[in-house]
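Working notes, beginning with the structure itself.
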Amino acid sequence: DPVMAVHDLRMSYNDKVVLDGVTFDARPGEVLALLGPNGAGKSTTIEILEGFRHRSDGEVSVLGLDPATADETWRARLGIVQQSWRDHGRWGVRQLLTHLGAYYAPFSTPTRPRPMDVDELLATVGLTEHAHQKAGSLSGGQRRRLDVAIGIVGRPDVLFLDEPTTGFDPQARREFHDVVHRLADLEGTTILLTTHDLDEAEKLADRILILAGGRIVANGSAAELSREV
Ligand code: ADP
Ligand code: ADP
């Protein structure tokens, strides 16, 4: 069964049609990039899948449930990294992750221990050396990687990354791409990320979905898409 299935998804704000019949699905462990220019409806799509926005029409299933009606147990299986980061101020990096991780312990299963081990988590996002720093003293790129750590501490089955590298310089971008490659190796995690950068989509994704005019106009691996052009 697909981890996510979106069929003929439609979304309008007042009279403005933003999504005009979006259809795609995701298989377990896939890294999908939703690629499109600013204003294409990428955030709208991802926020509907996360359960933050109510769609106008169409069918959406994530981990077998409709995000509009899903429960806390379902939400605990999602990792969400939103576009703007929160200021965690004087919380230490390790302290924050340990504290948030405790929330997920009751959602553990025999095959999927939750939360992730904090040392493993810090290594995955490249913050081992910053474990004892205050969150508010991290650089922009480090804060974003802390957001990812917060997103994956509960060992999610699905991870959403909304424009994760916006505003990054090339080095922060490279470091972040390494993090996503490590995430893709985490057992069983399916990733949906949004980007307006074709190069980023090619570097990160198993499959690219191009969103334009409110529809998915191309859907395939980077190699498949380049053959079509
Ligand atoms: P993207 O993430 O691809 O940049 P968005 O999903 O953020 O696109 O926005 C798609 C379109 O929907 C834009 O024209 C945006 O202005 C509009 N939009 C987004 N959120 C709202 C909202 N809450 N109310 C009205 N219009 C919105
Ligand atoms: P300044 O605006 O003075 O350059 P900031 O602390 O606002 O410094 O931003 C530093 C870096 O943090 C930015 O380059 C960007 O990468 C990141 N950043 C800042 N604000 C946000 C935000 N709301 N969402 C995502 N990243 C942000």
Side-chain angles (χ1 to χ4, degrees), residues 3-26 30-62 66-70 75 78-87 140-141 143-145 147-148 150-152 156 158-170 172-173 176-177 179-180 183 190-222 225 228-229:
V3 177
M4 286 181 257
V6 176
H7 182 73
D8 203 21
L9 172 62
R10 291 168 189 276
M11 183 70 174
S12 301
Y13 295 107
N14 303 315
D15 285 339
K16 186 178 171 191
V17 177
V18 173
L19 303 179
D20 192 22
V22 166
T23 298
F24 67 89
D25 57 21
E30 265 192 312
V31 181
L32 293 187
L34 185 59
L35 174 70
N38 284 331
K42 303 183 296 296
S43 291
T44 297
T45 304
I46 209 167
E47 288 176 7
I48 289 169
L49 294 170
E50 291 164 343
F52 285 120
R53 272 177 208 257
H54 286 282
R55 61 191 184 269
S56 306
D57 203 359
E59 285 152 48
V60 178
S61 147
V62 176
D66 182 340
T69 56
R75 275 189 287 277
L78 307 187
I80 293 174
V81 178
Q82 291 186 291
Q83 228 171 49
S84 56
W85 49 268
R86 280 157 291 183
D87 186 353
R143 286 187 204 190
R144 184 41 66 88
R145 285 185 274 131
D147 284 342
V148 173
I150 291 167
I152 66 171
V158 181
L159 177 64
F160 296 104
L161 303 171
D162 197 359
E163 297 263 2
T165 62
T166 296
F168 280 22
D169 62 30
R173 189 173 290 259
F176 194 87
H177 290 177
V179 169
V180 174
L183 295 177
T190 305
I191 300 176
L192 177 66
L193 64 93
T194 68
T195 180
H196 54 259
D197 181 352
L198 171 63
D199 180 57
E200 176 160 283
E202 287 178 344
K203 283 207 169 81
L204 296 182
D206 301 320
R207 194 144 60 85
I208 300 172
L209 310 165
I210 300 180
L211 182 60
R215 304 175 71 94
I216 303 293
V217 297
N219 178 347
S221 66
L225 295 189
E228 278 178 27
V229 173

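Both ligands and their constituent atoms are indexed starting at 1 by order of listing. Remember, predicted model here, so these are calculated numbers, not experimental data. When a residue number appears, it is its place in the shown sequence, counting from 1.
Distances from ligand 1 to the non-hydrogen atoms of E47 include no value under 4.0 Å. Using a non-hydrogen distance threshold of 4.0 Å, K16 registers as a contact of ligand 1. For the pair G36 and ligand 1, no heavy-atom separation below 4.0 Å is found.
Among protein heavy atoms, atom 8 (O) of ligand 1 sits closest to G41 N, 3.1 Å. In terms of protein heavy-atom proximity, atom 2 (O) of ligand 1 is closest to S43 N, 2.8 Å. Counting only heavy atoms of the protein, atom 9 (O) of ligand 1 lies nearest to T44 OG1, 4.0 Å. When only non-hydrogen protein atoms are considered, atom 4 (O) of ligand 1 lies nearest to G39 N, 2.7 Å. Residue, atom and distance of the protein heavy atom nearest to atom 18 (N) of ligand 1 are Y13 CE1, 3.4 Å.
Applying the 4.0 Å criterion to heavy atoms of P37 picks out, from ligand 1, the atoms 3 (O). Set against the non-hydrogen atoms of A40, the atoms of ligand 1 under 4.0 Å away are 1 (P), 3 (O), 8 (O). Within the listing of ligand 1, atoms 10 (C), 11 (C), 12 (O) sit less than 4.0 angstrom from a heavy atom of V18. Counting the atoms of ligand 1 from 1 in the order shown, those under 4.0 Å from a heavy atom of N38 are 4 (O).
Residues that satisfy the salt bridge (charged side-chain N to carboxylate O under 4.0 Å, His left out) test with D169, not counting sequence neighbours, are absent from this structure. Shown here are the side-chain hydrogen bond (donor to acceptor under 3.5 Å, both in side chains) partners of D66, two or more places apart in sequence or in another chain: R55.
At least one side-chain heavy atom of V81 sits less than 4.5 Å from a side-chain heavy atom of R144. Looking only at side-chain heavy atoms (C-beta outward), E163 and T194 come within less than 4.5 Å of each other. With a 4.5 Å cut-off on side-chain heavy atoms, V17 and R10 do not count as touching. You'll find the side chain of V31 reaches within 4.5 Å of the side chain of L193, heavy atoms only.
Taken from CG in D57 to NE2 in H7, the straight-line distance is 10.0 Å, to the nearest 0.5 Å.
Proximity of R53 to ligand 1, defined as any heavy-atom pair under 4.0 Å, is confined to the side chain (atoms from C-beta onward).
Looking at every heavy atom in both residues, A222 comes nearest to E202 through CB-CG, 3.8 Å.
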TODO: Could you give me the CA-CA distance, side-chain angles and deciding distance for E30 and I191, then say whether side chain to side chain contact (heavy atoms under 4.5 Å, CB included) is met?
DONE: CA-CA 6 Å; E30 265 192 312; I191 300 176; over 6 Å; no
